[in-house]
Structure formats: C-alpha cells, structure tokens
Amino acid sequence: MGKSKELSVDLKKRIIDLNKSGKSLGAISKQLQVPRATVQTIIRKYKVHGTVVSLPRSGRKRKLSHAAERRLVRMVKSQPRITKKQVCKDLEADGTQVSVSTVKRVLHRHGLRGCRARKKPLLQKRHLKTRLKFAADHMDKDKTFWRKVLWSDETKIELFGHNTQQYVWRRKGEAFNPRNTMPTVKHGGGSIMLWGCFAASGTGSLQKVNGIMKKEDYLQILQENLKPSARRLGLGRSWVFQQDNDPKHTSKVVKEWLNQARIKVLEWPSQSPDLNPIENMWTVLKKRVHARKPSHLAELHQFCQEEWSNIRPEACQELVDGYQKRLVAVKMAKGHVTKY
C-alpha cells in the first residue's frame, strides 16, 4: 500500500478554523472529505505544538554513531589517499558494516570531498630548508626590487594538448557517441619547446628551442636575448636575472658568461616552480594559444609569438607586485608546496 498524500497547510488551517467555530470532528470530516482520524490527529497536534506545519521527523537511525563518524573522519584525514571501499572494509573489520554511499555522505557532511591530487615537485628536507631561507631572506624586499627582476624559464607546448578536460552533457549509454568524445593523438600531435622571459613591465623574448637543449644552446639564447630584453623592458642597470637550477643553467660555461657580462643572478631554491611567476604566464599563454586551435607546429609557434606579445604589461605588473604573497605562503606552509 502506497503512502497517502500529505494534506496541504491551507486545508489543515481550515480544519483548525472549523474546530474553533465549534464544529464536531464528524462534521469537519464530512464537509472537507477528510478521514475523521486525520482530522483528529491534526487538531491534537495543533493543541500541542500550536502550528499545522509538518514538524521535522527524526528519520531512520544513523548507522554510524557520532564517535564512529569522528573516527572515520580522523582515518581519512590521516590517510588522504584511502578509497571509500577501503574505508568500508576497515569499518567492517571493527564490526560496523556500512555502504560506500554512507561513507561518502558522512565525509561530505564534514567538508571532505574526493579531489584529484595536484602534481607537485617532490620536496626533501634540504628543499624545504632552502625554500624557507629564500622566503626569509627576501621577505623585506618591496615591489621596487621585484620589478627589477627578469624572470625566465622553459616550457613545452603541445599542438593539441593531452591534459585538457572537456565536460559534455549526455545521457546514460551515450559516452562513446562521437559528439561526446574528445579525439586524441599520440604525444599531443607534436610539440615545441620555448624559452621565455618577462618582467613587471611586460614580456621579453620568446625563443623556440630546436631539439634537445644543451648548455651551449642555452648560452646562445642568453647571449642573444637577455640584455636586449632587459633594455626593451626598461630595467635599467641594476636588474636581476632569475633562472632555476637546471644543470644547463648552472653549468660552468653559463656561469662564466654571466660573470663576464656582469649580470646579477637571483639565488634560487631548487624544486620551486611555485615561486616563479612565469609559470602563471605559461598557463595564460597555453590557454590563449589552444583556444585558437593551431593545426600544425609552424602555426603553433606563430600563435605562441603573437599571444606572448599580446599579454598586457598591466597583467605582468599585477603578477609581480603580488610576489610577497608567495613568500608568505611558503612560510605558512613551512617550506612545502603552495597554491601558486
């Protein structure tokens, strides 16, 4: 037998009004075509609670007690990579049998949701120490100092990309409809390697690297692009060059040239892409380029050059002026990775 439909609030109010006017239960039942027992129940509840609105129901008793829920939350916080099925097995071993859905609801209720783990560089104790030292040594530097830094790095841009996610609206069973799939090609359809630099005043040179870059190739890029970029960006004489600790960057031949050219190099902590704002610039560049859907590598390179030049100097300055927030984040994270 199915559950009967609940009476509307207006109908319940009419029952109460008729009862107050002196009508009997039978008369109200006959007039409104409502069972006498229902009329009696509504009047009784009104006398007790003073309202005809349905009160909150207790519902089914929870499978997990408050203590068991706290234990479940502690288990997941201490083991973030544990799966819901494994949680169910661990609880079952302790005599509590629950479903995966119950585990998910409990975790959601406590603000815990399954998310994709972010890929970040592996940090060892020595890396944490150098990151904290870098943050401490530069915490007192103001915007003027960071506006004189020429940031640099390399990046690879694939023709079609392989990490792009695309969501579609579809019904069950339509996952492999051609309209609901995203075509892929091996190795992203080919890629190009780029070296670039920028400062708070705008973007500098963007150079394509042919083949695998060796220290000699890197040296040539610096010789041809470093000082011209600094002059074009108006950095003056007291500017500082930033590069990471890639073996090519720290090779003897590169160090000797930088010394001879009297270029001051910012001492850099290893495994710290989150401290280099050019990583954010690469993200902007890749989004813009892939939005134009290049069809071959030559076009990919052309779009990269165009979009790199189109990045507004105001965006560069805003990114650099907020640099101290990165240092604070490193300090707060005790040297570990940050959201940047």
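- Partners of Lys331 under the side-chain contact (heavy atoms from CB on, under 4.5 Å) rule, at least two apart in sequence or in another chain, are Met139.
- Residues Val209 and Leu194 are not in side-chain contact: their nearest non-hydrogen atoms beyond the backbone lie 4.5 Å or more apart.
- Between Arg113 and Leu107 there is no side-chain heavy-atom pair separated by less than 4.5 Å.
- Side-chain heavy atoms closer than 4.5 Å link hydrophobic residues (I, L, V, M, F, W, Y) into clusters, and following such links, possibly through other members, connects Val265 to Trp239.
- One finds no salt bridge joining Glu216 and Lys214 here, because no Lys/Arg side-chain nitrogen approaches an Asp/Glu carboxylate oxygen to under 4.0 Å.
- Taking all atoms of both residues into account, the shortest heavy-atom contact from Arg131 to Ser272 is NH1-OG, 3.0 Å.
- There is no path of hydrophobic side-chain contacts, each under 4.5 Å, that joins Val100 to Leu112.
- Of the N and O atoms on the side chains of Ser270 and Asn245, at least one donor lies less than 3.5 Å from an acceptor on the other residue.
- Following chains of ILVMFWY side-chain contacts shorter than 4.5 Å, one can reach Val330 starting from Val149, so the two form part of one hydrophobic cluster.
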Side-chain donor-acceptor distances from residues 82-92 under 3.5 Å, at least two apart:
{"from": "Thr83", "atom 1": "OG1", "to": "Gln86", "atom 2": "N", "distance (Å)": "3.2"}
{"from": "Gln86", "atom 1": "NE2", "to": "Asp90", "atom 2": "OD1", "distance (Å)": "3.0"}

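- Annotation: Gln79, atom CD; neighbour count of heavy atoms from other residues, nucleotides and ligands within 6.0 Å is above 12.
- Using modelled atom types, one finds a donor on one side chain and an acceptor on the other under 3.5 Å when comparing Ser99 with Thr102.
- In this structure, Arg81 places its CZ atom where only 12 or fewer heavy-atom neighbours from other residues, nucleotides or ligands lie under 6.0 Å away.
- Listed here is the closest heavy atom pair of Leu235 and Arg147: CD2-O, 3.6 Å.
- Neither Ile278 nor Trp195 shares a network with the other; the hydrophobic side chains, linked directly or stepwise wherever heavy atoms of I, L, V, M, F, W or Y lie under 4.5 Å apart, form separate groups for each.
- Note that the CD1 atom of Ile16 and the CD1 atom of Ile42 stand 7.0 Å from one another [nearest 0.5 Å].
- Side-chain contact between Ile311 and Met281 is present, with heavy atoms from C-beta onward closer than 4.5 Å.
- A distance-only check finds no donor-acceptor pair linking the side chain of Ser29 to the backbone of Leu25 [under 3.5 Å].
- Expressed to the nearest 0.5 Å, how far CD of Glu314 lies from CZ of Arg312 amounts to 5.0 Å.
- For the side-chain hydrogen bond (donor to acceptor under 3.5 Å, both in side chains) criterion with Glu69, the lone passing option out of His110, Arg74, Lys63 is His110.
- In this structure, the side chains of Arg326 and Pro277 come closer than 4.5 Å at one or more pairs of heavy atoms.
- In terms of heavy-atom proximity, Cys316 sits nearest to Ala199 at CB-O, 3.4 Å.
- Glu158 has no carboxylate O lying under 4.0 Å from a charged side-chain N of Lys286, or vice versa, which leaves the two without a salt bridge.
- Rounding to the nearest 0.5 angstrom, the gap separating the CD atom in Gln220 from the CD atom in Gln223 is 7.0 Å.
- Between Ser295 and the options Arg292, Lys293, Glu299, a side-chain hydrogen bond (donor to acceptor under 3.5 Å, both in side chains) holds for only Glu299.
- His301 places no side-chain N or O within donor-acceptor distance of the main-chain N or O of Ala298, the cut-off being under 3.5 Å.
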| request: Run the numbers on Asp94 and Arg71 for salt bridge (Lys or Arg N to Asp or Glu O under 4.0 Å), then give the verdict. | output: CA-CA 11 Å; Asp94 291 339; Arg71 178 177 171 275; 2.2 Å; yes
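- Between Trp268 and Asp244, the shortest heavy-atom distance links the atoms CD1-CA, 3.6 Å.
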| query | Do Ile28 and Val34 pass the side chain to side chain contact (heavy atoms under 4.5 Å, CB included) test, and can you show the C-alpha distance, the side-chain angles, and the key distance before you say yes or no? | reply | CA-CA 8 Å; Ile28 297 173; Val34 177; over 6 Å; no
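- Remark: aromatic rings of Trp146 and His138 are close, center separation under 6.0 Å.
- Looking only at side-chain heavy atoms (C-beta outward), Leu128 and Lys334 stay at 4.5 Å or farther from each other.
- Taking the six-membered ring where the residue is Trp, Tyr323 and Phe134 present perpendicular rings, their angle passing 60° and hence far from 30°.
- One distance of note links CG of Leu285 with SG of Cys304; it measures 5.0 Å at 0.5 Å rounding.
- Between Lys248 and Asp217, no side-chain nitrogen of the basic residue sits less than 4.0 Å from a carboxylate oxygen of the acidic one, so the salt-bridge criterion is not met.
- Once rounded to the nearest 0.5 Å, the distance linking CG of Asp274 with CD of Glu279 reads 9.0 Å.
- Other residues, nucleotides and ligands contribute at most 12 non-hydrogen atoms within 6.0 Å of the CD atom of Glu267.
- Annotation: the span from Leu219 atom CG to Met213 atom CE amounts to 11.0 Å, rounded to 0.5 Å.
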| request: Give the intermediate values and the outcome of side chain to side chain contact (heavy atoms under 4.5 Å, CB included) for residues Arg288 and Phe303. | output: CA-CA 9 Å; Arg288 292 186 179 186; Phe303 289 172; over 6 Å; no
| Could you go step by step and tell me if His249 and Asp246 meet the side chain to side chain contact (heavy atoms under 4.5 Å, CB included) rule? | CA-CA 5 Å; His249 303 172; Asp246 184 285; 3.6 Å; yes
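- Between the side chains of Tyr218 and Gln243, a donor-acceptor pair is found at a separation under 3.5 Å.
- A donor and an acceptor atom, one from each side chain of Gln302 and Glu306, are located under 3.5 Å apart.
- In this structure, the side chains of Phe241 and Leu266 stay at 4.5 Å or more apart for every pair of heavy atoms.
- Residues Val284 and Leu275 share a single hydrophobic cluster, defined by chaining ILVMFWY side chains whose heavy atoms lie under 4.5 Å apart.
- At least one side-chain heavy atom of Gln242 sits less than 4.5 Å from a side-chain heavy atom of Asn276.
- Nearest approach of Gln324 to Lys141, heavy atoms of both residues: NE2-O, 4.4 Å.
- The two residues Trp308 and Ser205 come nearest to each other via the heavy atoms NE1-O, 3.9 Å.
- Salt-bridge check for Glu6 with Lys12: passed, with a basic side-chain N closer than 4.0 Å to an acidic carboxylate O.
- Residue pairs meeting the side-chain hydrogen bond (donor to acceptor under 3.5 Å, both in side chains) criterion with at least one partner in residues 14-25, sequence neighbours excluded, are Lys20-Tyr46, Lys23-Gln31.
- Lys120 NZ: more than 12 foreign heavy atoms inside a 6.0 Å radius.
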| field | side chain to side chain contact (heavy atoms under 4.5 Å, CB included) evaluation trace for Leu7 with Ile15 | value | CA-CA 11 Å; Leu7 300 184; Ile15 292 174; 4.3 Å; yes
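- Counting heavy-atom neighbours within 6.0 Å of His49 NE2, excluding the residue itself, gives a total above 12.
- Applying side chain to side chain contact (heavy atoms under 4.5 Å, CB included) to Phe198 and the options Leu150, Leu206, Leu319 leaves one that passes, Leu319.
- Here the side chains of Val289 and Pro294 are in contact, with some heavy-atom distance below 4.5 Å.
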